[in-house]
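For reference, the structure is listed below as structure tokens.
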Amino acid sequence: MLPKEHRLRHEKDIKTLFAKGKSVFGVQIGLKYRMNSLSTTRFAIVVGTKVSKSAVVRNTIKRRIRAVLQKHLVEIKGGYDVLFLTKKELVGKTFAEIESMVVSLLKKTPIL
RNA sequence: UAGGAAUGUCGGGUGAUGGCUCGUUGGGGUAACUUCCAAUGAGAGGAAAGUCCGAACACCCUUUGUGUCGCAAGACACAUUGCAAAGAUACGUUGCUAACGGCAACCGGGAAUAAGAUUCAGGAGUCGCGGAUCUGGAGCAAUUCGAUCCAUGACCCCGGACUUGAAGCCCAGGGAAAGUGCCACAGAGACAAUACUAGCCCCGCCUCGGCGAGGUGAAACGUGAAAAGUGGUGUGAGGUUUUCAGAGCAGUCGCUCUGUCAGCUACACAUCUCGCGCCGUGGUGACACGGUUGCGUGGUAAACCCAUGUCGGUGUAAGAGCAAAUUUGGUAGCUCGCUCAAGCUGUAUGGCAACAUACAGCGUAGAUAGAUCGUCGCCUCCUUCGGGUAGUGACCUGAAGUAGACAAAAUUCGGCUUACAGACACUUCCUAGGAC
RNA sequence: GCUUCUGUAGCUCAAAUGGAUAGAGCGGCAGCGUCCUAAGCUGAGGAUUAGGGUUCAAUUCCCCACAGGAGCA
């Protein structure tokens, strides 16, 4: 799990991010980002019921994305809000596959 | 010992390293918190799930009482009450429980099966007794051995039939004799049923072949899931199917008659059973058993309904506190509620059991867009593929997958229901056989 | 977290106070038709979400599960 200062927690922030953020999409995963007024970068991950009906599957996906972010937290620049969107094709992927996807996606943005 | 059934328990272990959440201790920082650092401890389930029930807890409503304030209307505080109207209801009995549509034991009912018993002039076999036949063998002979045929007894195996029938399984398991509704098609008739019509007889009227009244028609065969409460048994007289035997006819297949084991159908009579009522005995009770010169009213209440009992409402997003922009109130936000609990483990006692009581020990997640994870090892369990010993099974061994099934707390508990790789206990009950 | 509704052929809809063969259109299949295709005509097949119960009889009534949708916040 990420430290608290790196979590995007309030519904209001997520709503503004959805409305005003910029988007980058891959095949199985998407991303929205926006500059904030803080010095740290905050993350949120969305895995809806449409991805999988099982709570076990959804939670593993969330945990693996968090683990990737934590691994690369040192390289990430501060001052952004980031929201990850997931699609159904992500079910059953291993940790290494998710890691390469997330990293390549972040490299398209100014964050990494 | 063999077979059948029910039940309970578990659902990885261990190590390194880097993180996350919470508790404790120490230190830093602050007006005070939020917070930072270090050490140390803990960190998903048997179903956390579905949300089908119940309870705790909180607030609101309601009943009643007391107190305070008030001239009064009334307001506030504390305690107390919960079916009265409407509505809902899933209800055998006794117990357990905080409560329950839960659990335990018992009662009643239902469908079916195993084993066993009964039976069969069904099939195959073994053994025995009797009779007949043989130019059969042995022997001089009596006799004996053997073969074939007939009749008959016992045992065993297989198969069929009917009745009986265990543990276990299933039951929304009060009332159809309070009332209403429904019971298609078929049928005279679907609840106190025998109709209607043609035809026939007779009477009356008139327009003379029509109308009206009465009788007859009339059997209850059959239809149907169900036909007037219900279904067995016995006796008598039948019908029909089949097995076998005998006789006759025919002349190779067959037909007829008589007797007979069994099955089906069905009439009359007798008797019993079933249900309701009453009486007696046993049981806390549901009920059971016995008696009876009583009565005989189809099914459906998971159709409406009736009787008896139960249920006030909303839900932790309940609610309590602090409180910015903005003075009160309140909003955003934060804190509490939030984990010691109708708790777990063990022993003893009571109880058939569910469970209760006593003593001792333990202290067992608490997040909030929501922690419980990432990487790398080892050990067993398991799966797949291959090799060896080898008739299979089994054992040994190698490689790959690397705990592999169902699935993740969200106020907390008690249940129910549903999903589930695999492992264990071998506990209880029933049937049959054997030994003592 | 809570409340509530729906489920019928491949698709879109019927049938309803329980009564027997569950119906229609479109689509797919086969045949006719045509030089070939299309139109048209004919025919067959195909379903009550799964399981259990009540009843003489269940798509309909009841229970439970599964799937899908809607609402509160």
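Lettering follows sequence order; numbering is per chain, from 1. Note that the coordinates shown come from a computational prediction; the quantities given were computed from them, not determined experimentally.
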Would you mind pulling out the nucleotide paired to [N], Watson-Crick or G-U wobble, both distances under 3.5 Å?
{"N": "rC155(B)", "value": "rG125(B)"}
{"N": "rC336(B)", "value": "rG319(B)"}
{"N": "rC162(B)", "value": "none"}
{"N": "rG350(B)", "value": "rC355(B)"}
{"N": "rU240(B)", "value": "rG263(B)"}
{"N": "rU230(B)", "value": "none"}
{"N": "rG298(B)", "value": "rC183(B)"}
{"N": "rA47(B)", "value": "none"}

Span that lies between the [atom1] atom of [M] and that of [N], in whole angstrom:
{"N": "rC2(C)", "M": "rC287(B)", "atom1": "P", "answer": "42 Å"}
{"N": "rC61(C)", "M": "rA302(B)", "atom1": "P", "answer": "15 Å"}
{"N": "rG275(B)", "M": "rG179(B)", "atom1": "P", "answer": "23 Å"}
{"N": "rG175(B)", "M": "rC276(B)", "atom1": "C1'", "answer": "14 Å"}

Based on the glycosidic angle (syn within 90° of 0, else anti), state the conformation of [N].
{"N": "rU339(B)", "result": "syn"}
{"N": "rG277(B)", "result": "anti"}
{"N": "rA405(B)", "result": "anti"}

request  = Counting Watson-Crick and G-U wobble pairs whose two distances are both under 3.5 Å, find the runs of 3 or more in a row that involve RNA chain C.
outcome  = C:1-7 with C:66-72, C:10-13 with C:23-26, C:29-32 with C:40-43, C:51-53 with C:61-63

